Amino acid sequence: MIDTDPSAPPQSAAPAFPPLPASAQKATLKSEMRRIPIPPHRMTPLKKDWVNIFSPLTEMLQLQVRMNVQRKCVEIRTSKHTTDIGAIQKGADFVKAYALGFDVNDAIALLRLDDLYLDSFEIKDVKTLHGDHLSRAIGRIAGQDGKTKFTIENASRTRIVLADTKIHILGSFQNIKIARDAIVSLILGSPPGKVYAGLRTVSARMRQRAL
């Protein structure tokens with residue numbers, strides 16, 4: 001039998017702390033600010049769509065927003081009403097997506113869903129092309145009346161913006177990979193028919209997984 005010291009304090013399983021007051025439970029966020037540059041050709045559309053852009057930022061994320069016309073940028077910052085710690089990053093991604101050329105209704109999905117990302121690359125990152133070869137590569141990606149681009153978007157459930165030699169893709173991580181693989185194949189010279197066949201296989205597999 002082990003001798004116990006009667007003067008020793010009793011051992012408790014877990015430490016007991018007094019409850020936190022209501023004022024301490026409310027985390028105070030330090031004021032943060034972001035400045036998102038807007039290309040000159042996107043300033044006019046930005047002014048037209050301004051109501052649709054600042055409304056979700058102020059209502060959904062509780063951020064403060066202003067358009068700086070002289071600096072050609074949108075400035076966003078956290079306010080005392082901002083509760084989400086990642087709100088300013090989401091807001092910056094949303095404005096950046098619009099600046100890259102995505103539609104407001106597509107870009108707003110970045111605020112509503114957590115697993116959406118932006119991916120950008122250039123044609124020269126895949127293959128060094130010049131002159132007519134570069135023009136033909138851009139033409140293969142777009143297709144007649146944008147048919148190939150729409151097919152890739154619908155099959156991979158992404159949104160694609162072709163801005164000269166830059167390509168921007170908006171979607172989930174897995175879907176971006178599907179769209180990027182299709183675009184890379186087209187840049188490298190694959191005929192659209194072969195890329196369509198690959199996309200059909202991938203979309204059929206995605207439908208099976210969804211069931």
Side-chain angles (χ1 to χ4, degrees), residues 36 38-39 41-42 44-46 48-53 55-57 60-61 86 89-127 129 132-211:
I36 303 101
I38 306 293
H41 71 280
R42 291 298 285 169
T44 305
L46 180 76
K48 284 181 184 172
D49 290 328
W50 183 241
V51 175
N52 299 327
I53 289 166
S55 298
L57 289 171
M60 290 168 66
L61 300 178
Q89 183 61 50
K90 277 186 179 179
D93 288 343
F94 166 61
V95 178
K96 188 188 171 190
Y98 184 82
L100 290 174
F102 290 99
D103 189 53
V104 182
N105 297 325
D106 296 331
I108 209 167
L110 284 163
L111 304 181
R112 296 203 175 113
L113 303 168
D114 286 333
D115 63 338
L116 285 189
Y117 305 95
L118 274 172
D119 185 36
S120 300
F121 64 96
E122 290 191 56
I123 289 173
K124 69 178 181 185
D125 297 339
V126 180
K127 191 178 183 184
L129 297 169
D132 289 345
H133 296 290
L134 182 61
S135 304
R136 279 196 288 271
I138 295 166
R140 276 199 301 276
I141 298 164
Q144 190 176 3
D145 300 324
K147 180 185 154 190
T148 307
K149 182 172 87 83
F150 290 138
T151 306
I152 296 170
E153 283 180 337
N154 293 333
S156 61
R157 295 177 192 168
T158 55
R159 284 289 174 269
I160 299 166
V161 167
L162 285 173
D164 196 21
T165 61
K166 288 190 176 70
I167 297 150
H168 311 292
I169 310 171
L170 171 69
S172 68
F173 183 79
Q174 193 177 6
N175 293 351
I176 285 173
K177 188 181 181 306
I178 293 163
R180 194 174 57 223
D181 288 347
I183 291 167
V184 166
S185 299
L186 289 166
I187 292 168
L188 293 172
S190 291
K194 192 176 179 183
V195 174
Y196 290 159
L199 284 170
R200 270 197 295 272
T201 310
V202 169
S203 59
R205 203 178 298 145
M206 281 168 70
R207 276 198 298 272
Q208 279 180 341
R209 279 182 190 160
L211 293 172

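Small disclaimer: the values here were computed from a predicted structure and weren't measured. Reckoned from all heavy atoms, side chains included, excluding hydrogens, waters and symmetry mates. For this chain, numbers begin at 1 and follow the sequence in order.
Counting non-hydrogen atoms of other residues, nucleotides and ligands closer than 6.0 Å to CZ of R136 gives a total above 12. Counting non-hydrogen atoms of other residues, nucleotides and ligands closer than 6.0 Å to CD of E122 gives a total above 12. For K149, the NZ atom is densely surrounded, since the number of other residues' heavy atoms within 6.0 Å is greater than 12.
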Check step by step if side-chain contact (heavy atoms from CB on, under 4.5 Å) holds for L110 and L170.
CA-CA 9 Å; L110 284 163; L170 171 69; 3.7 Å; yes
Please report the C-alpha distance between K90 and D114 in whole Å, then the side-chain angles of each, then the deciding distance to 0.1 Å, and finally whether the salt bridge (Lys or Arg N to Asp or Glu O under 4.0 Å) criterion is met.
CA-CA 9 Å; K90 277 186 179 179; D114 286 333; 3.1 Å; yes
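Put simply, OG on S190 and CG on D181 are 11.0 Å apart, with the number rounded to the nearest 0.5 Å. The CD1 atom of I123 sits 4.5 Å away from the CD1 atom of I138 when rounded to the nearest 0.5 Å. Note that the CG atom of L199 and the CG atom of N154 stand 10.5 Å from one another [nearest 0.5 Å]. Within the model, atoms CG of L188 and CD1 of I183 stand 12.0 Å from one another, a figure rounded to the nearest 0.5 Å. Rounding to the nearest 0.5 Å places CD of E153 at 10.0 Å from CD1 of I169. Between the OG atom in S120 and the CZ atom in R180 there is a gap of 11.0 Å [rounded to 0.5 Å].
The closest side-chain heavy-atom distance from V161 to I167 is not below 4.5 Å. Residues F94 and I53 form a side-chain contact, since some pair of their non-hydrogen atoms from C-beta on lies under 4.5 Å apart. N52 is not listed as a side-chain neighbour of N105, based on a closest heavy-atom distance of 4.5 Å or more. Within the 4.5 Å cutoff, side-chain heavy atoms of M206 are placed close to those of R157.
Residues passing the salt bridge (Lys or Arg N to Asp or Glu O under 4.0 Å) test with K166: none are found, sequence neighbours excluded. Shown here are the salt bridge (Lys or Arg N to Asp or Glu O under 4.0 Å) partners of R140, two or more places apart in sequence or in another chain: there are none.
Between the side chain of Y98 and the main chain of P45, a donor-acceptor pair closer than 3.5 Å is present. Proximity of a side-chain donor or acceptor of T148 to a complementary backbone N or O of Q144 within less than 3.5 Å is not detected.
Tested against I176 for a side chain to side chain contact (heavy atoms under 4.5 Å, CB included), the candidates I160, L116, L118, D119 yield a single pass: D119.
Closest approach of I38 and A99 over heavy atoms only: CD1-CB, 3.8 Å. What you find for A107 and A97 is that their closest heavy atoms are CB-CB, 3.9 Å. Nearest heavy atoms, L111 versus P56: CD1-CB, 3.8 Å. Considering all non-hydrogen atoms of both residues, Y196 and K147 come closest at OH-CE, 4.0 Å. A pairwise comparison of heavy atoms in Y117 and F173 identifies CD1-N, 3.9 Å as the closest pair. The shortest heavy-atom contact between T158 and G171 is CG2-CA, 4.3 Å.
Within the structure, salt bridge (Lys or Arg N to Asp or Glu O under 4.0 Å) contacts touching residues 101-110 (residues at least two apart or in different chains) are D106-R159.
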